[in-house]
Trainee: 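The structure is given below, and queries will be raised subsequently.
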Amino acid sequence: SAVISQKPSRDICQRGTSLTIQCQVDSQVTMMFWYRQQPGQSLTLIATANQGSEATYESGFVIDKFPISRPNLTFSTLTVSNMSPEDSSIYLCSVEIGWNTEAFFGQGTRLTVV
Amino acid sequence: GIQVEQSPPDLILQEGANSTLRCNFSDSVNNLQWFHQNPWGQLINLFYIPSGTKQNGRLSATTVATERYSLLYISSSQTTDSGVYFCAVFTGGGNKLTFGTGTQLKVEL
């Protein structure tokens with residue numbers, strides 16, 4: 001298994017600002033992912049955070065809005081840029097230790113944009 | 001892409017009752033997980049179950065991959081079982097999870 005620390009756990013932000021969410025894992029992991037969960041909805045994958053290269057984004061998500069960094073095998077950040085109330089969601093990071101193995105999630109960041 | 005449907009969407013139980021949650025998926029999958037999302041939004045791993053049956057205390061799960069469904073059984077439910085239950089599948093195109101629609105469970109005294 002993996003222990004994942006995600007910060008902040010919650011935040012209230014003004015529209016037009018940006019928030020950076022951090023995800024720290026207690027061991028080196030191959031795969032890191034970022035998901036969004038809009039209110040009352042299921043989880044949707046935003047992007048795969050690749051170590052040493054640009055993130056791979058899913059359809060409907062773009063780098064300018066959700067820039068991602070992954071400087072090493074234990075850490076990643078997701079920035080939500082130029083926020084609007086529609087960005088109010090829970091954002092979660094996920095890790096998998098190896099290919100096609102069990103996924104583990106951080107505790108999530110509950111973001112409210114006002 | 002693959003579709004993952006869960007039923008029922010909502011469920012209210014009296015404490016001590018048993019329930020079965022279902023997850024149907026539209027295509028072959030490499031693996032499947034069940035999660036419980038607590039009221040604070042945290043996802044708790046319940047089962048990693050590509051096929052067969054697993055049990056953990058009052059919970060058990062069965063996946064029949066050839067028929068494209070999985071079942072989660074909750075016995076002797078408790079108020080702490082309340083929350084949203086998600087299944088999620090791994091597909092052949094990568095190591096990414098596609099989540100189901102979720103089942104909102106409320107257990108009452």
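Just so it is clear: chains get the letters A, B, ... in the order the sequence lines come, proteins before strands, and each one is counted from 1. The shown structure was predicted, so the numbers you read here are calculated from the model rather than taken from an experiment.
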Trainee: If I measure from the heavy atoms of chain B, does A:Leu43 come under 4.5 Å with its side chain, its backbone, both, or neither?
Mentor: both
Trainee: As a quick check of understanding, evaluate salt bridge (charged side-chain N to carboxylate O under 4.0 Å, His left out) for B:Asp81 and B:Arg58, giving each step before the final call.
Mentor: CA-CA 10 Å; B:Asp81 294 331; B:Arg58 296 182 295 105; 2.9 Å; yes
Trainee: Between chain B and each of A:Ala103, A:Gly108, A:Ser94, count heavy-atom pairs under 4.5 Å; write down the option with the most.
Mentor: A:Ala103
Trainee: Describe, in one word, how the ring planes of B:Phe86 and B:Phe99 are oriented to each other, choosing from parallel (under 30°), tilted (30 to 60°) and perpendicular (over 60°).
Mentor: perpendicular
Trainee: Looking only at heavy atoms, which of residues 4-12 of chain B get nearer than 4.5 Å to chain A?
Mentor: none
Trainee: Heavy-atom distance under 4.5 Å to chain B: side chain of A:Gln6, backbone, both or neither?
Mentor: neither
Trainee: Tell me if a side-chain donor or acceptor on B:Ser26 pairs with a main-chain N or O of B:Ile2 at a distance below 3.5 Å.
Mentor: no
Trainee: Check whether any side-chain N or O of A:Asp26 sits under 3.5 Å from a backbone N or O of A:Ala2 as a donor-acceptor pair, and report yes or no.
Mentor: no
Trainee: Any donor and acceptor pair, going by atom type alone, linking the side chain of B:Thr63 with main-chain N or O of B:Ile49 inside 3.5 Å?
Mentor: yes
Trainee: Measure from the side-chain N and O atoms of A:Arg15 to the backbone N and O of A:Met83, and report whether any donor-acceptor pair falls under 3.5 Å.
Mentor: no
Trainee: Please verify the inter-ring angle class for A:Tyr91 with A:Phe66; under 30° counts as parallel, over 60° as perpendicular, anything in between as tilted.
Mentor: tilted
Trainee: What part of B:Gln104 gets closer than 4.5 Å to chain A, counting heavy atoms only: side chain, backbone, both or neither?
Mentor: neither
Trainee: Does anything in residues 24-58 of chain A form a disulfide (SG to SG under 2.5 Å)? List the pairs, not counting sequence neighbours.
Mentor: none
